Each structure stands twice: as C-alpha cells, then as structure tokens.
J.: 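Dropping a structure here in structure tokens format, bear with me for questions.
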Amino acid sequence: MPVPTAELAAAAGPIARGIRLTQPALTLGIALVLVLWQADTLDAPATAVWTVRAAALVIIAGSLSAFDDPAAPQIAAVPVALSWRAAPRILFAVVVVTIPVAALASLAHLPVGAMVLEAGALLAVATGACLLLAGTGILEPSTPVAVGLLMAPAALVLLPDELALLVPPGPDWGEAHGRWAILLGLGILTAILALSDPARPTPRGWHRN
C-alpha cells in the first residue's frame, strides 16, 4: 500500500509534539543513579545482571510515555494508517531502551545481545499493551502499563524452573533466553494485531484505516 506522503507529513508535527521527553529523561536519570548506587555489584556477572535488569525496567517504563497521544483527537481525520502514526513512537521507544541497556550490559561485562533481548521482549509486550489500550480510546496508556511492568518481576520470579526467565548467568542462561525470544515474538505479534485491526472502534484514540 503506497504511503500517503502529504497526509503523513501533515500528521508528523502533531505526532512529534505528542512524544513526551520528560519521562524518558527522568527515568534514564533514575537508572543512572541506580547503577551508580549499585556500582559495586557490577564486578561480578551474577550480581551485575540484577542491577542491569532493574535499570532496564525503569528505562522501559519511562519510554512508554511515547505512546501517550493527547493529539489523537486533533489528527483523527487525517487519512494516515495507524501503523504509520505509531511507527515513530515505536522507534523512539526502541532507541531510548536499547542503547542505554546495551551500554550498561557492556559496562557490566554481560552479554550485550542477551540483555538487549530481555529488554526488547519486555518493551515489545508493553508496547502491545499500550497500543491495545490506545485502540480503545485511552489517550495516556503508559501509566497503567508502566505500573504493570514494574510489578512484573514479582510474577516472573514465581515461574517454575522450566519456564524461568530471570536466571543468572550460568548453565540455564541459553534456555532462558530462548524463552525471552518467544516472549519477544508474542509482544511483536500483539503490537501487529493492535495496529492492524480496522474493526476496533476508536472514538477518542488513533484513527484506523
């Protein structure tokens, strides 16, 4: 399907102005303070992994503000597909999360790809949740999703060993990250479904074509 260039350009301004920078900047600062506070844990992978995971969780929670769209009612009449409107927000969240997490993992001498995979999986699930809520007309879905995200570790630690995700570096590391990859796929699938359902009513949310 051809991209409606003129319409997309008309919507670009409101979309850009709708992406809030305060929350990501604040949570990046909190994550940095957390890492500095726990700097002594970065010497050993077994302890560093928990510090990096905690920092990543905070960063992801802040990045979700990209999906708050107070300008949605104003640009709802512009004939641009929801997927094109959401793309800049998704890209912004991915950049805000992956670059700092990769840097922290490198600093802690942890496998960068594995830590980015974990963060990416959580971000994908949270993104899908935000898009689903936005599709129901909720203009600021980041708050409930961020609260759920920050509570997620309490549930993840209760998973049985065969489904464990939060494992330290060791013999179970590879298998756990196979499960992280599945979670990433499920999150991406959820986001795709949220962006491609033309029948979902959006009285206050993003317009769907």
Side-chain angles (χ1 to χ4, degrees), residues 24 27-28 30-67 89-133 141-142 144-195:
T27 51
L28 282 169
I30 293 173
L32 178 59
V33 170
L34 174 64
V35 171
L36 292 176
W37 177 44
Q38 296 292 322
D40 57 335
T41 67
L42 301 180
D43 295 332
T47 54
V49 67
W50 302 107
T51 299
V52 174
R53 281 171 174 162
L57 197 65
V58 172
I59 294 170
I60 296 167
S63 76
L64 298 182
S65 67
F67 301 102
R89 301 176 183 278
I90 295 172
L91 179 61
F92 176 83
V94 168
V95 170
V96 165
V97 170
T98 57
I99 293 178
V101 170
L104 289 175
S106 179
L107 177 66
H109 304 292
L110 292 168
V112 173
M115 299 310 298
V116 170
L117 172 60
E118 292 186 14
L122 291 176
L123 177 61
V125 171
T127 294
C130 283
L131 293 174
L132 287 173
L133 290 179
S142 69
V145 176
V147 170
L149 179 69
L150 293 174
M151 296 175 62
L156 293 181
V157 296
L158 298 177
L159 291 173
D161 292 344
E162 59 272 16
L163 297 176
L165 293 170
L166 298 178
V167 302
D172 298 326
W173 183 259
E175 290 185 6
H177 283 83
R179 293 187 285 271
W180 279 110
I182 294 173
L183 186 63
L184 173 63
L186 291 174
I188 292 173
L189 179 60
T190 300
I192 291 173
L193 292 175
L195 292 173

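Only a predicted model underlies this, so the values are computations on that prediction, with no experimental measurement involved.
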J.: Mind checking the OG1-CG spacing from T98 to L117? Nearest 0.5 Å is all I need.
T.: 12.5 Å
J.: First locate atom CG of L28, then atom CD1 of I99, and finally report the distance between them rounded to the nearest 0.5 Å.
T.: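 If we round to the nearest 0.5 Å, L28:CG and I99:CD1 are 10.5 Å apart.
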J.: Can you name the nearest heavy-atom pair linking V35 to T51, along with the distance?
T.: CA-CG2, 4.2 Å
J.: Give, for atom CG of L36 and atom CG of L42, the distance between the pair rounded to the nearest 0.5 Å.
T.: 9.0 Å
J.: Minimum heavy-atom separation for A54 and L34, please, with both atom names.
T.: CB-CD2, 3.7 Å
J.: Less than 4.5 Å apart, any side-chain heavy atom of L64 and any of L123?
T.: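 Side-chain contact under 4.5 Å: yes.
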J.: Quick one: does P24's side chain get under 4.5 Å of S65's, heavy atoms only?
T.: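 They are in side-chain contact.
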J.: Shortest non-hydrogen contact from A105 to P111?
T.: CB-O, 4.5 Å
J.: With a 4.5 Å limit on heavy-atom distance, are the side chains of L156 and L159 in contact?
T.: yes
J.: Check A164 against V167 and note the closest heavy-atom contact, atom names and distance.
T.: CB-CG1, 3.8 Å
J.: Would you name the heavy atoms of L149 and I60 that are closest together and state the gap between them?
T.: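 Closest heavy-atom pair between L149 and I60: CD2-CG2, 3.4 Å.
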J.: Main chain of A103, side chain of S106: is a donor-acceptor contact present, judged purely on distance under 3.5 Å?
T.: no
J.: If I compare all heavy atoms of V97 with all of S63, which pair ends up nearest, and what's the gap?
T.: CG2-OG, 3.5 Å
J.: Determine yes or no for a side-chain-to-main-chain donor-acceptor pair under 3.5 angstrom, with R89 supplying the side chain and F67 the backbone.
T.: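 Not confirmed, R89 side chain does not pair with F67 backbone.
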J.: So, taking the atom named CD1 in I188 and the one named CG in L186, what distance separates them when rounded to the nearest 0.5 Å?
T.: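 Interatomic distance, I188 CD1 to L186 CG, rounded to 0.5 Å: 9.5 Å.
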J.: Can you tell me how far apart CG (D40) and OG1 (T47) are? Round to the nearest 0.5 Å.
T.: 7.5 Å
J.: Between M115 and L104, is there a side-chain heavy-atom distance shorter than 4.5 Å?
T.: no
J.: How many angstroms lie between atom OG1 of T27 and atom CG of L32, to the nearest 0.5 angstrom?
T.: 11.5 Å
J.: Any side-chain heavy atom of L57 within less than 4.5 Å of one from L150?
T.: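 A side-chain contact under 4.5 Å exists here.
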